[in-house]
Amino acid sequence: MADTVSTGFFPRSNRSENRVSSWRIRAGTFMYLARIAFENFRNFRNLDVALAGNVVIVGENRVGKSNLVYGLRLIFDPLPDSARDLQLGDFWDGIEEFDQNTRIKISVEISDFEDDPDVRAVLTDSRIPGDPHTVSLTYEFKAKSGLLRAPSSEKDFEFVCYGGRDPKKEFGYDVRSRITMDVLPALRDAEGDLAVWRRCPLRPLIESAFATIDRNDLQSVADQIEAATGRLMEFEPVFDLADDIARSFRAMSGDRQDVNPTLGFSSTDASKLHRQIKLLIDSGERGVSETSLARCGDWIVATLEIDEDDKGCRRSFLAPG
């Protein structure tokens with residue numbers, strides 16, 4: 001299993017709730033990746049695949065799942081130009097000699113983009129001739145213009161990104177910054193991502209929900225948690241365990257570094273209560289660590305669906321498995 005990538009397309013400057021609501025009403029269809037094509041990139045000699053809806057990519061290790069993800073990032077991700085400049089080692093291994101026509105080419109086609117006027121304005125110059133309902137975006141790593149000999153090093157190559165299958169229609173950060181591409185961790189790490197607050201996909205949703213709750217109401221809950229923790233510590237085995245942990249840590253770190261560790265259900269700081277919220281299953285009887293890896297991946301995708309609904313966009317999920 002490798003990385004997972006999802007791409008969603010909407011202007012970054014128009015994410016207010018009012019704007020999102022009006023977009024939802026107007027949009028009858030959602031933009032999606034309709035085709036991807038790779039030429040001479042790493043282990044892809046010639047890949048050309050039509051897409052429709054959600055896509056799951058399954059394969060053994062080292063078959064190219066991560067390479068496919070990185071190829072898409074060369075088009076969509078606001079990477080620095082230094083990361084978009086490739087190396088000779090990025091060419092397909094079967095190329096024996098380089099000449100002035102040797103190139104890496106990665107193309108995508110996007111359909112159903114016309115319902116939102118802002119997105120249409122960003123991509124309209126990249127429509128395919130003869131097919132105004134489809135946009136083409138291309139990345140090429142090719143020999144520099146004017147080179148009169150066969151390229152022999154990375155310095156002899158340059159990259160260009162263009163739309164509409166026309167190299168004259170170059171695009172850069174102005175377009176790329178308004179097309180969202182989210183690169184997610186490998187789904188094999190889903191359980192860990194759900195358990196660690198800074199990586200948890202639920203974090204923005206929980207923070208948004210708690211931002212609307214009155215601070216006094218949260219303080220009331222914090223007081224109840226503190227009272228419950230006090231009752232827990234009345235049990236002698238629990239108290240003794242907490243005391244042993246505190247003494248052991250103090251002996252190891254010294255008095256000046258002592259952080260007074262204890263046991264409890266949750267932080268009693270009202271401003272941090274939201275960080276203790278966990279995803280539970282079976283009506284709260286079990287945590288996600290007690291379910292399967294595949295189910296954890298489902299939870300992550302489900303949170304992305306909620307997030308994209310809030311933003312008024314739809315993503316094409318490329319999920320290497």
Side-chain angles (χ1 to χ4, degrees), residues 3 5 7 9 11-12 31 33-51 64 66-111 113 119-181 183 316 318:
D3 291 337
V5 60
T7 55
F9 307 92
R12 292 180 183 270
M31 190 177 342
L33 288 177
R35 176 175 169 263
I36 57 175
F38 284 54
E39 179 183 330
N40 290 334
F41 180 62
R42 297 184 177 174
N43 63 311
F44 297 108
R45 178 185 182 185
N46 196 336
L47 172 73
D48 193 335
V49 181
L51 306 175
S66 295
N67 290 341
L68 187 146
V69 170
Y70 193 79
L72 294 176
R73 295 184 67 188
L74 294 172
I75 294 177
F76 291 117
D77 201 329
L79 296 164
D81 284 352
S82 59
R84 236 175 288 277
D85 271 323
L86 299 179
Q87 307 292 318
L88 294 184
D90 290 311
F91 281 90
W92 178 60
D93 288 341
I95 297 177
E96 297 180 356
E97 295 184 0
F98 293 97
D99 59 37
Q100 291 162 296
N101 295 318
T102 304
R103 65 179 182 177
I104 290 173
K105 184 176 180 181
I106 299 169
S107 298
V108 301
E109 291 182 3
I110 302 168
S111 295
F113 65 93
V119 175
R120 186 170 65 245
V122 170
L123 297 177
T124 191
D125 288 341
S126 297
R127 297 172 191 257
I128 296 176
D131 184 3
H133 304 295
T134 304
V135 159
S136 174
L137 299 176
T138 300
Y139 168 94
E140 272 196 39
F141 188 63
K142 60 186 182 62
K144 289 183 176 179
S145 301
L147 188 68
L148 301 178
R149 55 174 174 78
S152 59
S153 71
E154 287 85 359
K155 295 181 180 180
D156 294 329
F157 288 89
E158 61 185 359
F159 77 85
V160 61
C161 294
Y162 58 86
R165 300 178 180 172
D166 184 351
K168 296 180 180 178
K169 295 181 178 180
E170 294 187 23
F171 70 86
Y173 183 80
D174 55 334
V175 171
R176 201 175 288 115
S177 64
R178 294 170 71 87
I179 301 178
T180 298
M181 178 174 183
V183 180
S316 294
L318 291 173

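- The line from OG of S153 to CD of Q87 is 10.0 Å long, rounded to the nearest 0.5 Å.
- S126 approaches G163 most closely through the heavy-atom pair OG-CA, 3.5 Å.
- At least one side-chain heavy atom of L33 sits less than 4.5 Å from a side-chain heavy atom of I110.
- Minimum heavy-atom separation, A37 to R35: CB-NH2, 3.8 Å.
- Put simply, CZ on F38 and CG on L72 are 4.5 Å apart, with the number rounded to the nearest 0.5 Å.
- Remark: K105 does not engage E39 in a salt bridge, criterion side-chain N to carboxylate O under 4.0 Å.
- Note: N46 CG to N40 CG = 8.0 Å, rounded to the nearest 0.5 Å.
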Next on the checklist: Assess the residue pair F157 and F91 against the criterion (ring pair (Phe, Tyr, Trp, His ring centres under 6.0 Å)); give the C-alpha distance rounded to whole Å, side-chain angles, the decisive distance to 0.1 Å, and a yes or no.
Outcome noted: CA-CA 12 Å; F157 288 89; F91 281 90; 5.2 Å; yes
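- A parallel orientation is assigned to the rings of Y139 and F141, their planes being inclined by less than 30° (bins at 30° and 60°).
- Contact of the F159 side chain with the L74 side chain is not registered, since no non-hydrogen atoms from C-beta on lie closer than 4.5 Å.
- Here the side chain of R103 pairs no donor or acceptor atom with the backbone of K142 at under 3.5 angstrom.
- Side chain of D81 to main chain of R84: no donor-acceptor pair is present (N/O by atom type, distance under 3.5 Å, no hydrogens or angles).
- Checking side-chain atoms of Q100 against main-chain N and O of A143 turns up no donor-acceptor pair under 3.5 Å.
- I128 approaches S136 most closely through the heavy-atom pair CG1-CB, 3.6 Å.
- The shortest side-chain heavy-atom distance between S145 and E158 falls under the 4.5 Å cut-off.
- Between the T124 side chain and the A121 main chain, no donor and acceptor come within less than 3.5 Å of each other.
- In this structure a side-chain-to-backbone donor-acceptor pair under 3.5 Å is missing from E154 to L86.
- Between S107 and T138, the closest heavy-atom pair is OG-OG1, 3.0 Å.
- Closest heavy-atom contact between L47 and L68: CD2-CD1, 4.1 Å.
- The minimum heavy-atom distance linking L137 with F76 is given by the pair CD1-CE2, 4.1 Å.
- Side-chain atoms of F98 and D156, non-hydrogen and from C-beta on, never get closer than 4.5 Å to each other.
- For the atom pair OG1 (T102) and CH2 (W92), the distance works out to 11.5 Å, reported to the nearest 0.5 Å.
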Item to check | Audit row: D85, S82, side chain to side chain donor-acceptor pair (under 3.5 Å) steps and yes/no | outcome: CA-CA 5 Å; D85 271 323; S82 59; over 6 Å; no
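- Residues R127 and R120 have side chains in contact (heavy-atom distance under 4.5 Å, counting atoms from C-beta outward).
- By the 4.5 Å heavy-atom criterion applied to side chains, D125 and F171 are not counted as neighbours.
- Distance alone, capped at 3.5 Å, is enough to place a donor-acceptor pair between the R176 side chain and the I75 backbone.
- Taking a 6.0 Å sphere around CZ of R45, one finds it holds 12 or fewer heavy atoms contributed by other residues, nucleotides or ligands.
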